[in-house]
Novice: 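Please find one structure pasted underneath; my questions will follow.
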There are 2 protein chains.
Amino acid sequence: MPITNQDLRKAGLKVTLPRIKILELLESATDHHLSAEDIYKTLLEQGEDVGLATVYRVLTQFEAAGIIERHHFENNHSVFEIMQEDHHDHIVCQSCGRVMEFTNPVIEAEQHRVAAELGFELTGHSLNLYGYCSKPECKDSGRRK
Amino acid sequence: MPITNQDLRKAGLKVTLPRIKILELLESATDHHLSAEDIYKTLLEQGEDVGLATVYRVLTQFEAAGIIERHHFENNHSVFEIMQEDHHDHIVCQSCGRVMEFTNPVIEAEQHRVAAELGFELTGHSLNLYGYCSKPECKDSGRRK
DNA sequence: CTAATTGCAAAAGCTTTGCAGCGCA
DNA sequence: TGCGCTGCAAAGCTTTTGCAATTAG
């Protein structure tokens, strides 16, 4: 279900144009993982008059409100996505930049076991796989950062 | 076994003071995970006349030569460590910054299974757990970034 | 000797902050 | 109307690059 204006208000955030637009983008993106820059450029292309600083501020607020999630991939590339019901990890194509999601209960369980074994109270984790995807249209599409 | 001068030469790198010092630091650090800044500051404290740019250059060359490994943790904190025989993942204490290593064959195997399933040729991965460790002396030691 | 390496300073990302004006509730 | 929000510009950080001087082999 999409994020509603009510959800924003509940998070103590006013319903403003930049916020609505950014949510729309994140919800509609083909692979719904976008960087701040992606969002900024797309909004400019759509004729919106928005500042990059606002994009960052809004994304940070959304993250704090639990509306979106931020991921740091390699080469310092950060992307954002709408928070999902179920947790999932990511696999990123080094060639075309495509991001796919997957869930794996076995890995999940092992992580908790490992943390417990080492005497850690687990608060979070990130698992990212990197490789080359098999899509025919993916032959160094230049998306690399 | 420690990295030798021979290893450096074999990698096409001249044996210079900064390189030796940086290797020494990485090999002797208590938890052998150091950031570029850590290394730079420590060298300065030791009275070495070295530039931060050199530290970054050397680390990058070492990484390319397969001598060290770079990890991106959350909040854009990068650390480096000597390359080990066996692959391992990391668990980081959010409070004291301690980094521990662990290996888990089950997770390892699952990762390959998942990648294959999604049609990816796996080239690398990073798994980091975050939490709070149970060491008594770890009570917000202020190391947080 | 001479190409590799270094320190310094400047530049290049990416992200955050200060501020005056604008706009949602 | 009032405080939150925004765009702009400037500043902060981490990392990289240009360059002349230095050094390993």
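In what follows, chains are A, B, ... by sequence order, proteins preceding strands, each numbered from 1. From a predicted model like this one, the values you see are computed outputs, not experimental measurements.
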Novice: Contact between H90(A) and V79(A) at the side-chain level, heavy atoms closer than 4.5 Å - yes or no?
Specialist: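 The answer is no; the side chains never approach within 4.5 Å.
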Novice: Are the ring centres of H125(B) and H87(B) closer than 6.0 Å?
Specialist: yes
Novice: Between dT16(C), dT15(C), dT16(D), which nucleotide gets closest to the side-chain atoms of T60(B)?
Specialist: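 It is dT16(D).
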Novice: Between A36(B) and L13(B), which residue's closest nucleotide on DNA chain D lies nearer the 5′ terminus?
Specialist: A36(B)
Novice: Distance check needed: dT6(D) P versus L44(A) CG, whole Å only.
Specialist: 15 Å
Novice: Would you indicate which nucleotide in dG23(C), dG7(D), dC14(C) comes nearest to any side-chain atom of Y56(A)?
Specialist: dC14(C)
Novice: Name the nucleic acid region contacted by R19(A), choosing base, sugar-phosphate or nothing; use a 4.0 angstrom heavy-atom cut-off, strictly under.
Specialist: sugar-phosphate
Novice: Indicate, with a heavy-atom threshold strictly under 4.0 Å, whether L17(A) touches base, sugar-phosphate, or nothing.
Specialist: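 The answer is nothing, as L17(A) stays clear of every strand by at least 4.0 Å.
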Novice: D49(B) side chain: which of dG7(C), dT6(D), dT15(C) is closest?
Specialist: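 The answer is dG7(C), which lies nearest to the side chain.
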Novice: Distance check: side-chain N/O of R9(A) vs OP1/OP2 of dA25(C), anything under 4.0 Å?
Specialist: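 Checking dA25(C) against R9(A), a side-chain N or O does come within under 4.0 Å of OP1 or OP2.
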Novice: With under 30° as parallel and over 60° as perpendicular, where do the rings of H88(B) and H33(B) fit, or are they tilted in between?
Specialist: perpendicular
Novice: In whole angstrom, give the distance that lies between atom CZ of R70(A) and atom P of dC14(C).
Specialist: 13 Å
Novice: Can you tell me if T54(B) touches the phosphate of dG7(C), counting only side-chain N or O atoms and a distance under 4.0 Å to OP1 or OP2?
Specialist: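 Yes, because at least one side-chain N or O of T54(B) sits under 4.0 Å from OP1 or OP2 of dG7(C).
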Novice: The side chain of K14(A) is closest to which nucleotide in this list: dT6(D), dT17(D), dC3(D)?
Specialist: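 Nearest to the side-chain atoms of K14(A), counting from C-beta on, is dC3(D).
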Novice: How long is the line joining CZ of F62(A) and P of dC5(D), in whole Å?
Specialist: 10 Å
Novice: Do the side-chain N and O atoms of H72(B) and E74(A) include a donor-acceptor pair separated by under 3.5 angstrom?
Specialist: no
Novice: Measure from the side chain of A53(A), starting at C-beta and using heavy atoms only, and say which of dT17(C), dT5(C), dG4(D) lies closest.
Specialist: dT17(C)
Novice: Of the candidate nucleotides dT5(C), dT17(D), dT16(C), which contains the atom at the shortest distance from the side chain of Q61(B)?
Specialist: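 Out of dT5(C), dT17(D), dT16(C), the nucleotide with an atom closest to Q61(B)'s side chain is dT5(C).
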Novice: Ignoring the backbone of L52(A), work out which of dC19(D), dT15(C), dT6(D) is nearest its side chain.
Specialist: dT15(C)
Novice: Ignoring backbone atoms, establish whether T16(A) has a side-chain N or O less than 4.0 Å from OP1 or OP2 of dT6(D).
Specialist: yes
Novice: Taking atom types as modelled, is there a side-chain donor on E117(B) or H112(B) under 3.5 Å from an acceptor on the other?
Specialist: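 Not at all, the side chains of E117(B) and H112(B) share no donor-acceptor pair under 3.5 Å.
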